Structure formats: C-alpha cells, structure tokens
Amino acid sequence: MFGQVALELKKQPWLLHVAALIGMLLLFAVPLGHATGVLPTRYTYVHGTRFVNYEAHTVDGEAKAVQRARAVAEKEYRGLVQTRPTDENLAMLKLLQDLRAPLERRDYLTANRLTLAAIDKDPRLAGHYNLNLIINSTNVGSAALNGDAMTASLTYYVKHRINSLQVIDEKVSAVNAVYDVMSRYGEHAYKFTVLDNRKQYFYKLNAGTPLTWIFLCYAALTLALVFNFDRRNNTENLKHMSPRRDWAMVLLRAGVTLGIVLGVLAATLVLALAINAGIPGHTLGTLGYPLITTSGPLIVVTPVWQYVGAALVQYALWAVLLGGVAYVVTQFVAEPLLVVLLCSLVFLGIPLHYLELLPLTVRRLFPGLYTNPPALAAQADYFLHVPLHQALAVLAAWTALFWALGVLIQRLRYRSRGPWLS
C-alpha cells in the first residue's frame, strides 16, 4: 500500500502543482501589493477628473474615520433638531450621542447593540446615510430592502457577539479580501446593436472567475498527465503484475492526485489569508462575517465561511468529475494535449457557446453550465431559480457516470483487447 502511494507520488507533475499554487495565490496578492506600495494605486479618469480606484486602509485609520463621521453627523443633527425637532431627528441625535463612548473605546459590539435597539424602536433610522458611514454600509441595491438588510446584518453581529463594525471589516479584513477575489462574478460583457434606428443593448454573464478557470485548467491538465502516464511511458502492462485490482489501483492514483490538487487549493486560501492578514494595519477578520443578499422580498444572511465552503465543495466536485473524464479519455487516447483538450470540453460549454444550442432547462443538466460558483451563490442571471443543491446534484451525477463508465471500459479492455481499445 505505502509502496504504491510512494510510486504514485513520484508520477506527480510537481512543477505544475507549484506553478498552480503560485498562479492562484497571485490573485489574492493584489491588496497586499497596493498596501505596501509594490503596486501603484489605480485611478480612473472621467471627463478629466481623477478618481481613486483603490486606497490603502488600516484599522486605526478606519476607526478614526468612523469617529470623525459620527462627530460630523452629530453636529449636523443638532442643527436639524433646532429647525425640525421631529421624533426621527431626535432619535437619530440621541443614537449618535450614545455611540460616542463605545466608538472611542472601540467597543463595537456595544455600538452595534445600541444601533440595533434604536432601529427596532424607529425603523426609519436604518435609511439614514450617516449610519452607512459609521456603523453598517450593507446595501442590497433596493431602497425598500436596504433598511431590512442593515437590520439583518446588525442582528447577526450582535447575536454572534462579533466585536467589529461592518464598515471597517469590509476594508481591512483578510477574510473579506479573500472573499472579494472569490466572488467577482458580476463583470458583464455589454454590447449593443442598432435595429430600426434604435440602439438595442444586451449583455451576457461571464463564464467564471479567474480563480475558477485557473483551478479547472490546472485540475484538467494534472489529471490528464497522471492518468496518461502509463500509456505515455509504455508501462501500462506492468500494472498487471500487481496483486491489487486494476480499478483499485486507479482509485488509489485518483485519490493521491485529487488529494494534492485540493491540497494546493486549500493551501492557496490559507496562504492568502495569512498574506493579507500580515499587511500592516490589517486584521484576519471574522469567518462569521455576514453576507447579505436577497431572494425576492426576503433577506438572506450567509456567513462568509459557509459561502467559501460551498465554493470549495463545488471545486472539489469539479476535480473529481474531471478525474472521471480523464480516466475514460486516457483509455482511448495517448497524446497528452489531446487528452487535456477532450477533458476541457466538459467545462468550456459557455465560452465555446455549444451549450447555447440547447434550451435553458436542458442546459441545466450539463456540468458546463456550473463554472461560476459566485454567480450560482448570488442566483444571478440564468441561475435565478437554480439552488445550490441542484448544481451539486448535477455535478455528482455526471461524476458517478464517468467513473462508472471508466471502470466498465477498463474491464472490457483488459478482458478483450480489440483494436478499438488497444
């Protein structure tokens, strides 16, 4: 057993594993580069005016910014109360005064409790812009739901006794920096055409995030090389000298390879958290950071660890699925590049547009549609009515199909070596 594992470890493309680790890790290194000055701050120019795209933030700087914003807001509401002493303005002024002490001593749990209690008494306070700068900037894009979204976020912080502010976490937390990289699904390709002298706009959701595509290509290439090793080196017949069953040897090879591939992905996330937490003035943050989304009129609260966990489950299923595809393909094809090409067809359905030949209801039965975990989590565009468990079920079904097909073909090959399987 241990000898077979050692042999499989020797067959691994270790340079590819290292390259994949570095490649995926670089995606998470941008915040570090900006904060340390290695990467220059980016700017956008609009009509000759320069706007900063990225600013370096620190815990101390953000804490002081929150205190300044509170002081400015209190001064503003003192003036408002003199001219319009409404119940809403009086309640807001009292809240701002109550927040002074906890914000100065950075007792953010108390600040969140005070804010939540004030909103419970007067829900109109949740719509005040000043609270977005001081306590919580949760925005779900709907004015009707923004107040409920802020309340849900504050409730989560208080319930789980998280001593931090959402407005600070989103800027200096390593957890949030990693989440931002994993969740960038919303870049759309906007296009337009002119019909009947009218400009018609349309857009299409990107097929996936950079992290997803790097991982899928890495997994496909690694599994293709490993499963193709014996055919490529003319050592396939040596496997028959082993007392282990052929399918057991394949499972062992797959287990070793998939363990390394998923280990590289896990190491990427751990190192990304460590690197971003190591930036001066930054913190690790909380894995319980609440992500607030909507599902129709409902507010959905998802802790960031649950989001990351769901994404990792999808990546793991994709890796196992690609292992099954490589298992089948390498029994017919010996050329590594052709093996990689055939394996990649499984997840290139959206970029190559061949899935668009099928109705959407049929498309949802193919794994190539599920190459964008962040869009699936947000139920964006064609994932509007696709729950996570449905996507996992599709990937799991195709995984079982390919692995069962691989075992069947291998048994046929070793029992009857016809020209089509030789």
Side-chain angles (χ1 to χ4, degrees), residues 12-42 53-63 106 108 156-157 160-185 208-219 222 257-291 302-316 318-319 373-374 377:
Q12 294 295 317
W14 290 106
L15 288 179
L16 180 58
H17 293 311
V18 173
L21 175 62
I22 295 173
M24 290 191 291
L25 193 58
L26 286 175
L27 295 174
F28 297 94
V30 173
L32 175 63
H34 285 300
T36 57
V38 175
L39 298 176
T41 301
R42 301 189 306 272
N53 275 359
Y54 183 92
E55 292 181 289
H57 302 280
T58 64
V59 174
D60 289 338
E62 292 307 307
R106 302 189 184 184
Y108 298 132
Y156 188 92
Y157 272 90
H160 293 84
R161 303 184 60 82
I162 301 174
N163 187 36
S164 60
L165 294 182
Q166 188 264 352
V167 293
I168 296 179
D169 279 345
E170 67 180 0
K171 296 177 182 178
V172 300
S173 164
V175 171
N176 279 61
V178 171
Y179 163 74
D180 286 343
V181 173
M182 296 186 68
S183 64
R184 289 175 190 158
Y185 75 91
T209 65
L211 176 64
T212 302
W213 286 112
I214 290 177
F215 177 77
L216 289 177
C217 292
Y218 157 57
T222 300
T257 306
L258 291 172
I260 296 173
V261 169
L262 297 178
V264 168
L265 178 62
T268 299
L269 296 183
V270 171
L271 289 173
L273 286 172
I275 289 173
N276 283 284
I279 298 175
H282 282 218
T283 63
L284 176 62
T286 172
L287 290 174
Y289 179 86
L291 306 174
T302 306
V304 72
W305 66 262
Q306 184 174 320
Y307 174 92
V308 174
L312 292 179
V313 169
Q314 293 175 71
Y315 288 140
W318 263 111

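Predicted model, so just to flag it, every value in this text is computed and none were measured.
- Residue Ile260 holds its CD1 atom at 11.0 Å from CG of Leu16, rounded to the nearest 0.5 Å.
- In this structure, NZ in Lys171 is found 12.0 Å from CG in Asn176, a value given to the nearest 0.5 Å.
- Taking the six-membered ring where tryptophan is involved, the planes of Tyr315 and Phe215 are tilted, since the angle between them lies from 30° to 60°.
- To the nearest 0.5 Å, atom OH of residue Tyr156 and atom CD1 of residue Ile162 are 5.5 Å apart.
- Between Thr222 and Pro13, the closest heavy-atom pair is CG2-CG, 4.1 Å.
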Next item on the list: Dump the intermediate steps for side-chain contact (heavy atoms from CB on, under 4.5 Å) on Val178 and Val308, then the final yes or no.
Entry: CA-CA 9 Å; Val178 171; Val308 174; 5.6 Å; no
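- At least one side-chain heavy atom of Leu312 sits under 4.5 Å from a side-chain heavy atom of Leu269.
- Across every non-hydrogen atom of Pro374 and Met182, the tightest pair is CG-O, 2.8 Å.
- Rounding to the nearest 0.5 Å places CZ of Arg106 at 11.0 Å from CG of Asn163.
- Of all non-hydrogen atoms in Ala319 and Leu258, the two that sit nearest each other are O-CD2, 3.4 Å.
- Residues Ala219 and Val261 approach most closely at CB-CG1, 4.3 Å, considering heavy atoms.
- The side-chain contact (heavy atoms from CB on, under 4.5 Å) test with Phe28 is passed by exactly one of Leu273, Val181, Asp180: Val181.
- Ser173 contributes atom OG, which lies 13.0 Å from atom NE2 of His57 (distance to the nearest 0.5 angstrom).
- Taking the side chain as every heavy atom from C-beta outward, Thr212 and Trp318 never approach each other to under 4.5 Å.
- Within the model, atoms OG1 of Thr283 and CG of Asn276 stand 10.5 Å from one another, a figure rounded to the nearest 0.5 Å.
- Listed here is the closest heavy atom pair of Val172 and Glu62: CG1-CG, 4.1 Å.
- Inter-residue side-chain proximity for Leu291 and Gln306 is flagged as unmet; no heavy-atom pair is nearer than 4.5 Å.
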Next item on the list: Given side-chain contact (heavy atoms from CB on, under 4.5 Å), test Thr286 with Val175 step by step and report yes or no.
Entry: CA-CA 7 Å; Thr286 172; Val175 171; over 6 Å; no
Notebook entry, point to check: Step by step, would you call Tyr157 with Tyr289 a side-chain contact (heavy atoms from CB on, under 4.5 Å)?
Noted result: CA-CA 8 Å; Tyr157 272 90; Tyr289 179 86; 3.3 Å; yes
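- Residue Ser164 comes nearest to Asp169 through the heavy atom pair OG-OD2, 2.8 Å, listed as atom of the first residue, atom of the second, then distance.
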